[in-house]
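For reference, the structure is listed below as structure tokens.
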Amino acid sequence: MAATSLSPLVSTQTLKTVTNQTQHKTKTNDSSPIVSLKHSKNLTELRKLHSQITKQGLIHHPSSITKLISTCTEMGTFDSIIYAKSILNQFRKDNENDVTLFMYNSLIRGYSSIGLGNEAIWVYLEMLSLGISPDKYTFPFLLSACTKISAYAEGFQVHGSIIKMGFQGDVFILNSLIHFYSECGEIVLGRKVFDEMAERNVVSWTSLICGYARWGLAMEAVELFFEMVEEGTGPNSVTMVCVISACAKLKDLELGERVCRYIGELGVKVNTSMVNALVDMYMKCGAFDTAKRLFDECGEKNLVVCNTIMSNYVREGMAREALSILNETLGQRLVPDRVTILSTISASAQLGSIFWGKCCHGYVLRNGLEGWDSISNALIDMYMKCGKQEVACAVFYRMANKTVVSWNSLIAGYIRNGDVDSAWKVFNNMPESDLVSWNTIISALVKESMFKEAIELFRMMQSEGIKADRVTMVSIASACGYLGALDLAKWIHAYIKKNKIPCDIRLSTALVDMFARCGDPSNAMKIFNQMKIRDVSAWTAAIGAMAMEGNSNQAIELFNEMLRQGVKPDGVVFVGLLTACSHGGLVEEGQDLFRSMKSVHGISPQVVHYGCMVDVLGRAGLLEKALELIKSMPVEPNDVIWGSLLAACRMHRNVDMAEYAAERIKELASERTGNQVILSNIYASAGKWTDVAKVRLQLKEKGARKVPGSSSIEINGEIYEFTSGDASHPEMINIAPMLDEMHCRVRAAGHAPDLTNVLLNVDEQEKEYLLGRHSEKLAMAFGLISTNQGMPIRVVKNLRICSDCHSFAKLVSKVYDREIIIRDNNRFHFFQRGVCSCDDYW
DNA sequence: CTAGGGTTAG
């Protein structure tokens with residue numbers, strides 16, 4: 001008949017005709033126009049048809065309603081499913097006894113397909129209330145609904161009903177159960193269902209493999225795959241996609257290629273999804289070339305594979321490559337979606353390209369993508385990285401649904417742009433902070449040298465119930481290292497062990513560095529020796545530990561061992577090495593190493609390396625040689641280089657060369673004030689007070705002040721800080737008498753104050769007083785009264801120790817029979833029985 | 001009933 005040949009895109013006019021023709025048959029005959037409309041994609045037409053027929057009161061047959069409903073639900077759009085529900089509601093009002101199970105099954109499936117799992121469950125409950133029992137088709141739909149909204153409790157109840165109703169032999173239903181449990185993270189329960197199945201098919205295996213892969217049990221997923229193949233179940237392309245993505249997660253290329261051999265052997269159909277999974281795996285395993293080749297080989301690309309390769313490039317920091325893929329995507333006339341744009345925004349952020357960033361933002365606005373929070377979050381990040389704080393804020397404040405990530409991106413952005421105050425304000429005002437928020441702010445404090453505050457925040461974070469991870473601990477270890485607080489260091493190490501925080505190469509390296517800076521090289525080396533993999537940074541930390549201790553030979557030995565193990569040196573490790581040489585006075589070795597940089601390792605020495613060499617030569621008193629080296633530099637020497645020479649001149653009291661170096665610094669019009677301070681020290685040492693006054697005046701004009709000397713000491717886990725001449729310290733009542741006593745006893749032992757270390761041109765008595773109140777002396781005094789005999793005293797000083805404090809500390813160690821350890825900004829000084837480990841050479 | 005691409009901190 002004519003009705004059955006209706007095309008899906010039939011005109012309204014035709015519809016009317018057809019409807020009129022078949023009116024009288026509708027009541028009794030199932031072959032109504034509705035049947036042919038099943039393939040219609042047009043809801044408007046369906047609506048018209050439906051209202052027309054109902055207006056005439058013609059449709060009352062349950063099977064016609066059923067077909068109408070299933071037609072709607074198969075369209076799978078939001079509107080069509082809502083419409084199907086309204087048809088059912090209307091029908092039920094008049095003919096409650098005629099509603100069928102099939103109608104409900106259709107609706108449950110429909111709601112589930114558009115993600116409205118809750119509605120699906122409500123429809124199911126309504127069905128039960130009408131006394132209609134579910135059948136074997138109901139449960140997969142229902143479980144899929146529960147899966148979509150992670151309705152664990154409901155799904156669990158459904159499982160109960162399945163058993164009660166005796167459906168536990170149905171493969172379809174059990175597969176849905178496995179899928180449900182796997183998605184909800186209850187992989188053990190999924191496995192149980194799987195194990196108890198009498199017969200399994202590909203979907204059973206695949207669902208479980210996917211579950212394992214999704215929840216980080218990638219190895220189990222791959223093993224299950226091999227088991228499946230062994231048992232004789234052939235994988236399909238879905239299985240392959242899952243297992244390949246598991247290999248990608250494992251970053252195991254060899255395993256991935258082994259898995260891939262089955263594609264050919266078992267004749268699995270290769271589709272675009274599989275190509276995509278393969279490209280992703282090769283990228284994640286670092287085989288960019290293979291991935292790119294595979295990508296290039298599939299002539300017609302789909303959007304997903306373009307997105308895959310792009311996002312991988314972005315993640316690896318290869319923004320240029322990502323943008324070239326975008327070009328190709330557009331060339332294929334593919335329309336970028338929000339994932340494409342997300343990667344493009346990140347690429348723009350990486351390049352700091354405000355041009356690309358603005359293009360993206362425009363595209364987002366034109367296509368109404370700003371409602372996706374991840375897009376807006378990426379925009380905030382991008383504008384921050386391009387230095388456009390105001391625009392980033394504007395995007396942030398326009399967001400209707402800000403997430404933690406939005407707030408975190410804002411905080412990180414402020415910090416990147418040096419506005420720690422704003423970051424702090426945002427952090428305190430955000431509705432809920434997560435681990436990332438805390439890590440961001442803690443690492444910012446460390447960068448700002450606010451170490452005590454960083455540790456305080458770490459403690460606060462724990463009292464808020466947020467568990468630290470290895471990122472937190474890297475920051476905290478580094479803060480502790482700068483504080484030189486050994487007890488805290490040991491506590492941190494124990495904390496990591498106790499809380500089973502996984503120690504990756506970064507954290508281990510941070511711990512090595514921490515113990516090194518806290519003056520515990522043996523613990524530093526213990527951790528270093530336990531490391532399974534060591535990169536250049538790890539070796540550098542260990543070498544630094546030896547350098548700080550003044551154990552230069554061991555530092556060089558470590559370096560040689562590193563080379564033997566095939567680790568390629570970089571510029572940074574040479575800084576540590578050359579520093580070690582200068583501390584140990586190893587001129588020959590330093591020169592050899594310096595030369596080997598270019599000739600053996602192909603590393604061109606940077607300005608900083610020349611600076612180290614000037615130190616090496618200068619500290620050995622080879623001032624002329626140092627000057628020669630500076631003059632031979634291929635690049636223009638900067639203020640740091642001249643500053644090193646200046647420092648050497650100070651040590652060897654060569655005023656003429658010091659003045660020459662100072663002239664060069666002045667020529668460079670440097671903003672750095674440290675050199676001026678050194679210069680004024682030299683003049684002061686030489687007794688040229690008028691010159692000192694001149695330099696200090698220059699400093700004043702620039703608005704700079706000498707960094708106040710400060711020392712810290714850790715007593716019973718508490719860190720006490722002292723600044724030079726600070727009389728207001730709460731502990732001063734106890735410290736002052738102790739200090740007096742120390743001065744008396746030390747003077748009796750032959751100490752004469754070295755007044756040249758005092759800058760200010762004040763009278764002799766005043767100078768002596770100021771010198772006697774240097775921060776390291778205050779800390780030493782406090783250490784003596786707060787610790788028991790036999791306990792070493794550990795002090796950390798922010799500047800280089802002055803020569804008076806150095807000889808003072810030597811005598812204190814002798815008179816009081818105490819081991820005194822002072823870490824200045826350069827190295828460790830171990831004072832024992834009147835001698836220092838640096839041999840008075842620093 | 002089963003599948004693939006995504007933002008933030010170090």
Side-chain angles (χ1 to χ4, degrees), chain A residues 109 112 136-137 139-144 147 170-180 182-183 201-211 213-214 235-245 248 271-281 283 302-312 314-315 337-346 349 372-382 384-385 403-413 415-416 423 433-444 446-447 469-478 504 506-507 510:
Chain A
R109 182 182 50 175
S112 163
K136 65 172 189 175
Y137 296 105
F139 290 116
F141 301 150
L142 193 57
L143 283 168
S144 141
T147 308
D170 189 291
V171 185
F172 260 56
I173 292 177
L174 295 181
N175 284 351
S176 306
L177 260 178
I178 297 174
H179 176 229
F180 164 74
S182 302
E183 282 286 305
N201 62 19
V202 210
V203 177
S204 329
W205 288 93
T206 306
S207 300
L208 198 60
I209 290 172
C210 285
R214 169 149 322 193
N236 62 21
S237 32
V238 179
T239 325
M240 292 317 298
V241 168
C242 286
V243 74
I244 293 169
S245 85
N271 58 16
T272 49
S273 300
M274 253 162 74
V275 173
N276 179 56
L278 277 171
V279 168
D280 191 47
M281 182 199 73
M283 292 294 275
N302 69 17
L303 189 60
V304 173
V305 74
C306 291
N307 286 345
T308 299
I309 199 159
M310 249 184 100
S311 67
N312 272 298
V314 171
R315 208 171 30 84
D337 68 354
R338 54 183 209 272
V339 179
T340 324
I341 291 305
L342 200 51
S343 292
T344 313
I345 298 172
S346 301
W372 297 98
D373 52 18
S374 48
I375 291 276
S376 286
N377 291 343
L379 282 173
I380 295 172
D381 178 56
M382 181 274 295
M384 281 297 193
K385 282 182 179 153
T403 64
V404 199
V405 178
S406 325
W407 293 87
N408 287 346
S409 303
L410 201 63
I411 294 174
I415 289 166
R416 181 183 301 273
S433 44
D434 67 355
L435 180 61
V436 174
S437 333
W438 287 88
N439 283 349
T440 309
I441 211 90
I442 288 175
S443 77
V446 175
K447 264 188 219 136
D469 69 350
R470 54 193 162 86
V471 179
T472 326
M473 298 323 288
V474 168
S475 293
I476 292 304
S478 142
D504 63 349
R506 275 190 71 117
L507 182 52

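Chain letters run A, B, ... following the sequence lines, proteins first and then strands; every chain starts at 1. Values reported hereafter were calculated over all heavy atoms of this structure, with side chains retained and with hydrogens, waters and symmetry mates removed.
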- [ ] Determine whether any donor atom in the side chain of A:S343 lies under 3.5 Å from an acceptor atom in the base of B:dG6, or the reverse, and answer yes or no.
- [x] no

Task: N/O (side chain, A:S443) to phosphate O (OP1/OP2, B:dA9) under 4.0 Å - done: no

Open item on the list: What is the distance, to the nearest angstrom, from the CE atom on A:M281 to the P atom on B:dG4?
Closed with: 16 Å

Task: Distance in angstrom units between A:I244 CD1 and B:dA3 P, rounded - done: 15 Å

Task: Rounded interatomic separation in angstrom, taking CG from A:L177 and C1' from B:dC1 - done: 10 Å

Open item on the list: Over all strands shown, is A:R506 touching base, sugar-phosphate only, or nothing at heavy-atom distances under 4.0 angstrom?
Closed with: sugar-phosphate

Open item on the list: Base, sugar-phosphate or nothing for A:V405? Non-hydrogen atoms, less than 4.0 Å.
Closed with: base

Task: Touch class at under 4.0 angstrom, heavy-atom based, for A:T308 against every strand present - done: sugar-phosphate

TODO: Under 4.0 Å between any heavy atoms, over every strand shown, what does A:D337 touch: base, sugar-phosphate, or nothing? Just pick one.
DONE: base

TODO: Can you sort out the partners of A:S207 under side chain to side chain contact (heavy atoms under 4.5 Å, CB included), two or more places apart, ordered by chain and number?
DONE: A:I178, A:H179, A:V203

Task: Spacing of A:D434 atom CG relative to B:dT8 atom P, expressed in whole Å - done: 14 Å

Task: A:K136 NZ to B:dC1 C1', straight-line distance once rounded to whole Å - done: 13 Å

- [ ] Taking only the side-chain nitrogens and oxygens of A:R416, find out if one of them lies under 4.0 Å from OP1 or OP2 of B:dA9.
- [x] yes

Task: Nucleotide nearest A:N439 when distance is taken to its side chain, options B:dA3, B:dA9, B:dT2 - done: B:dA9

Task: Interatomic distance, A:I209 CD1 vs B:dA3 P [rounded to whole Å] - done: 12 Å

Task: Shortest side-chain distance from A:C242, nucleotide among B:dT2, B:dC1, B:dA3 - done: B:dA3

Open item on the list: Counting only side-chain heavy atoms from C-beta out, which of B:dG6, B:dT7, B:dT2 sits nearest to A:V238?
Closed with: B:dT2

TODO: Whole angstrom is fine here: how far is it from CG in A:N271 over to P in B:dA3?
DONE: 14 Å

Task: Touch class at under 4.0 angstrom, heavy-atom based, for A:S475 against every strand present - done: nothing

Open item on the list: Counting the atoms with a prime plus P, OP1 and OP2 as sugar-phosphate, which does A:T440 contact under 4.0 Å by heavy atoms, base, sugar-phosphate, or nothing?
Closed with: sugar-phosphate

- [ ] Run through A:N377, A:N439, A:T403, A:D434 and flag the one making a side chain to side chain donor-acceptor pair (under 3.5 Å) with A:N408.
- [x] A:D434

Task: Spacing of OG belonging to A:S376 relative to CG belonging to A:D381, to within rounding of 0.5 Å - done: 12.5 Å

Task: Check: A:D280 side chain, A:M283 main-chain N or O, donor-acceptor pair, under 3.5 Å - done: no

Open item on the list: Once you apply a heavy-atom cut-off of 4.0 Å, does A:A277 come out as touching a base, just sugar-phosphate, or nothing?
Closed with: nothing

- [ ] When you get a sec, tell me which of B:dC1, B:dA9, B:dG6 is the closest nucleotide to the side chain of A:S176?
- [x] B:dC1

Task: Atom pair OG1/CG of A:T472 and A:D469 - distance to nearest 0.5 Å - done: 4.0 Å

TODO: In whole angstrom, give the distance that lies between atom CG of A:N377 and atom P of B:dT8.
DONE: 9 Å

Task: Minimum-distance nucleotide (side-chain atoms of A:V339 versus B:dA3, B:dG6, B:dT8) - done: B:dG6

TODO: Without swapping roles, check the side chain of A:S478 against the backbone of A:V474 for a donor-acceptor pair under 3.5 Å.
DONE: no

Open item on the list: So, does A:R214 get its side chain near the phosphate of B:dG4, meaning an N or O under 4.0 Å from OP1 or OP2?
Closed with: yes

- [ ] Remember a base hit wins even if backbone is also touched, and classify A:S144 as base, sugar-phosphate or nothing at under 4.0 Å, heavy atoms.
- [x] nothing

